[in-house]
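Computed from a predicted model, the values in this text were never measured in an experiment.
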Amino acid sequence: MKKNIFMSLSMALACVLTLVFTSCDKDDNNLPSKPVITLTEVGLENNKTAEQGDDLHLEGSIVAEGLIKRIDIEIHQEEGAEFKIEKSFTEGKYIGVRNATFHEHIDIPATAPLGEYHLHFTVTDQSGQTTTQEVHINVVENDGVENEHHHE
């Protein structure tokens, strides 16, 4: 009888110790998943082109389990040139939400040099995690034709 009680207690202790050591992982800090960005349109009809003196249409979806804290957009020239455009969203309809449909028009100055650019679209959640999506775009000369889809 004592042997059965000792075996039962030993097994119970082994089970408890196994649970304690397998469920406690110091690396698991319970952070939410990183934000997920899906850019569906960069430029009119996703042509990845912006005209000098006009705007760049950006549209996509953001899912941030940890709630969106900020959205940063940087557009810079390729090949080591120094011209860049920066735009940040730190308040408004995108901030503090889990899911957002992003739709904005980023002004491209008439003085923007023509050529290849790199767009960085970065979302930071409230726990400090960031995700960046990068897209190559071209800045071209403004053809002077007003498109009916602009400014939607």
TODO: Please check if the side chain of Asn142 supplies one atom and the backbone of Gln52 the other of a donor-acceptor pair under 3.5 Å.
DONE: yes
- [ ] Would you indicate whether Glu116, at its atom CD, is surrounded by more than 12 heavy atoms from other residues, nucleotides or ligands within a distance under 6.0 Å?
- [x] no
Task: Pair Val97-Ile68, side chain to side chain contact (heavy atoms under 4.5 Å, CB included): steps then yes or no - done: CA-CA 6 Å; Val97 298; Ile68 299 168; 4.1 Å; yes
- [ ] Return the minimal non-hydrogen interatomic distance between Asp55 and His105, and the atom names on each side.
- [x] OD1-ND1, 3.3 Å
Task: Hydrophobic cluster identity match, Val63 and Leu67, side-chain contacts under 4.5 Å - done: no
TODO: Check whether any side-chain heavy atom of Ile137 sits under 4.5 Å from a side-chain heavy atom of Thr49, and report yes or no.
DONE: no
Task: Val140 backbone acceptor or donor facing Asn138 side chain under 3.5 Å - done: no
TODO: Examine Tyr94 and Val36 and state if one hydrophobic cluster contains both, with Ile, Leu, Val, Met, Phe, Trp and Tyr joined whenever side-chain heavy atoms are less than 4.5 Å apart.
DONE: no
Open item on the list: Under a 3.5 Å distance rule, please check whether Arg70 uses its side chain to pair with a backbone N or O of Phe89 as donor and acceptor.
Closed with: no
Task: Distance in Å, His76 NE2 paired with Tyr117 OH, rounded so as to fall on 0.5 Å steps - done: 11.0 Å
Task: Side chain Thr40, main chain Glu59, donor-acceptor under 3.5 Å - done: yes
Open item on the list: Could you measure the distance from the CZ atom of Phe102 to the CD atom of Glu41? Nearest 0.5 Å is fine.
Closed with: 13.0 Å
TODO: List the atom of Pro32, the atom of Gly66, and the distance in Å for their closest heavy-atom pair.
DONE: CG-CA, 3.6 Å
Open item on the list: Looking at every heavy atom in both Ser33 and Asp125, which two are closest together, and how far apart are they?
Closed with: O-OD2, 4.0 Å
Open item on the list: As an exercise, state the distance from CD of Gln133 to OG1 of Thr122, rounded to the nearest 0.5 Å.
Closed with: 10.0 Å
Task: Val135 and Phe121: CA distance, side-chain angles, deciding distance, side chain to side chain contact (heavy atoms under 4.5 Å, CB included) verdict - done: CA-CA 8 Å; Val135 180; Phe121 188 99; over 6 Å; no
- [ ] Would you please say whether a donor-acceptor pair under 3.5 Å links the side chains of His57 and Glu45?
- [x] no
Open item on the list: Minimum heavy-atom separation for Leu31 and Ser127, please, with both atom names.
Closed with: CD2-CB, 3.9 Å
Open item on the list: Among Thr38, Thr101, Leu39, Val123, which residue satisfies the side-chain contact (heavy atoms from CB on, under 4.5 Å) criterion with Ile62?
Closed with: Val123
Task: Residue of the set Glu74, His120, His118 for which side-chain contact (heavy atoms from CB on, under 4.5 Å) holds with Lys84 - done: Glu74
Open item on the list: To the nearest 0.5 Å, what is the distance between NZ on Lys93 and NE2 on His103?
Closed with: 8.0 Å
Open item on the list: Quick check for you: to the nearest 0.5 Å, what is the distance between Gln126 atom CD and Thr124 atom OG1?
Closed with: 11.0 Å
Task: Spacing of CG belonging to Leu56 relative to CG belonging to Leu44, to within rounding of 0.5 Å - done: 10.0 Å
